[in-house]
Amino acid sequence: LVDDDDTLRLLVKSRLEKDQSIVIAAADGEEALAKFKENRPDIVISDVFMPKMDGFELCRQIRKTDSTVPIVMLTSMNDVKDRIKGLDAGADDYIVKPFAPKELEARVRSLLRRSEADRGPGA
């Protein structure tokens with residue numbers, strides 16, 4: 001989970017942890033990429049506007065090493081061209097702020113189900 005907004009990051013982290021998820025949080029794109037390489041999470045949720053590396057570039061960097069991890073862009077950028085840019089960078093989903101936390105949780109569960117199915121049984 002990467003977002004430079006401390007309040008939002010803590011809110012999303014606590015909501016996901018209620019679903020028994022282990023959440024690794026970062027405040028900027030560079031920190032997120034380093035944590036991604038160390039931990040190989042099951043899903044990435046990223047803001048777009050962040051210091052050091054924006055979410056689009058983070059997404060592209062992750063896709064260079066992992067083509068399968070689900071990536072969700074969570075951002076205030078709601079123009080169609082921005083959504084297309086995020087999806088073209090490799091994101092699997094794009095959620096516009098403000099968002100309903102329950103919808104984010106449902107989308108995360110959906111992407112994780114699909115990701116687990118793609119890996120096959122016992123993977």
Side-chain angles (χ1 to χ4, degrees):
L1 169 64
V2 55
D3 199 306
D4 60 330
D5 180 329
D6 295 338
T7 303
L8 181 66
R9 192 173 61 249
L10 290 173
L11 170 75
V12 172
K13 183 178 189 293
S14 68
R15 295 293 300 236
L16 294 174
E17 287 174 338
K18 285 181 183 177
D19 279 342
Q20 309 306 311
S21 297
I22 297 170
V23 179
I24 300 164
D28 63 64
E30 285 183 1
E31 179 186 5
L33 186 59
K35 287 184 175 186
F36 176 83
K37 290 176 180 179
E38 290 172 17
N39 299 285
R40 294 297 180 170
D42 294 328
I43 192 166
V44 174
I45 302 169
S46 178
D47 187 16
V48 172
F49 284 126
M50 299 178 292
K52 299 183 183 176
M53 180 189 302
D54 70 27
F56 297 133
E57 183 59 25
L58 174 62
C59 192
R60 284 189 287 272
Q61 291 298 316
I62 289 171
R63 286 294 178 234
K64 286 181 180 179
T65 60
D66 189 327
S67 64
T68 62
V69 66
I71 300 174
V72 178
M73 305 301 283
L74 184 62
T75 178
S76 59
M77 297 174 64
N78 66 354
D79 192 75
V80 171
K81 67 179 172 132
D82 296 318
R83 288 181 280 188
I84 291 169
K85 185 176 179 180
L87 295 168
D88 284 347
D92 297 286
D93 204 350
Y94 194 101
I95 301 173
V96 177
K97 298 175 189 174
F99 62 95
K102 288 185 182 233
E103 180 183 4
L104 172 63
E105 293 164 16
R107 288 177 184 242
V108 165
R109 285 191 304 271
S110 175
L111 286 166
L112 289 173
R113 270 193 314 271
R114 188 179 66 191
S115 177
E116 289 168 7
D118 288 348
R119 284 184 289 202

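Checked for salt-bridge contact, Asp47 and Arg9 miss the test: no charged N lies under 4.0 Å from a carboxylate O.
Side chain of Arg63 to backbone of Val69: a donor-acceptor contact under 3.5 angstrom is found. Asp54 contributes a side-chain N or O that, together with a main-chain N or O of Phe56, makes up a donor-acceptor pair within less than 3.5 Å. Of the possible donor and acceptor atoms, one in the side chain of Arg83 sits under 3.5 Å from a partner among the backbone N and O of Asn78. Side-chain N or O atoms of Asp28 include one that pairs as donor or acceptor with a backbone N or O of Glu30 at under 3.5 Å.
The CG atom of Asp4 lies 11.5 Å from the NZ atom of Lys52; values are rounded to the nearest 0.5 Å. From Met50, atom CE reaches atom CG of Asp5 across 12.0 Å, with rounding to the nearest 0.5 Å. Here the straight-line distance linking atom NZ of Lys85 with atom CG of Asp79 works out to 11.5 Å at 0.5 Å rounding. To the nearest 0.5 Å, the span separating CD1 on Ile43 from OG on Ser21 amounts to 8.5 Å. Taking OH of Tyr94 as the start and OG1 of Thr75 as the end, the distance is 4.5 Å to the nearest 0.5 Å. Atom CZ of Arg107 is separated from atom CD1 of Ile95 by 4.5 Å, given to the nearest 0.5 angstrom.
Contact detail for Ala26 and Lys35: the closest heavy-atom pair is CB-CD, 4.3 Å. Heavy atoms only, all atoms of each residue included: Ala27 and Pro51 are closest at O-CD, 4.2 Å. Here the shortest heavy-atom pairing between Phe36 and Ile62 reads CZ-CG2, 3.6 Å. Pairing each heavy atom of Ala25 with each of Lys13, the nearest pair is CB-CD, 4.4 Å. When all heavy atoms are compared, the tightest approach of Ala91 to Cys59 is N-SG, 3.3 Å. Nearest heavy atom pair, residue Ser76 against residue Val96, reads O-CG1, 4.3 Å.
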Q) How far apart are the C-alpha atoms of Ile24 and Glu38, what are their side-chain angles, what is the distance that settles it, and do they pass the side chain to side chain contact (heavy atoms under 4.5 Å, CB included) test? A) CA-CA 11 Å; Ile24 300 164; Glu38 290 172 17; over 6 Å; no
Q: Show your reasoning for whether salt bridge (charged side-chain N to carboxylate O under 4.0 Å, His left out) applies to Glu105 and Lys102.
A: CA-CA 5 Å; Glu105 293 164 16; Lys102 288 185 182 233; over 6 Å; no
Q: Could you walk me through whether Leu104 and Val12 pass side chain to side chain contact (heavy atoms under 4.5 Å, CB included), step by step?
A: CA-CA 9 Å; Leu104 172 63; Val12 172; 3.8 Å; yes
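The environment of Lys97 atom NZ is dense: over 12 non-hydrogen atoms of other residues, nucleotides or ligands sit within 6.0 angstrom.
Both Leu58 and Val48 belong to a common hydrophobic cluster when Ile, Leu, Val, Met, Phe, Trp and Tyr are linked at side-chain heavy-atom distances under 4.5 angstrom. Note on Leu8: it clusters hydrophobically with Leu16, by side-chain heavy-atom contacts below 4.5 Å among ILVMFWY residues. At a threshold of 4.5 Å between side-chain heavy atoms, the hydrophobic network of Ile, Leu, Val, Met, Phe, Trp and Tyr places Val72 and Val23 in one connected group.
When Ile45, Leu87, Leu111, Ile71 are each tested for a side-chain contact (heavy atoms from CB on, under 4.5 Å) with Asp93, only one passes: Leu111.
Contact check for Val2 versus Glu31: no side-chain heavy atoms found under the 4.5 Å cut-off.
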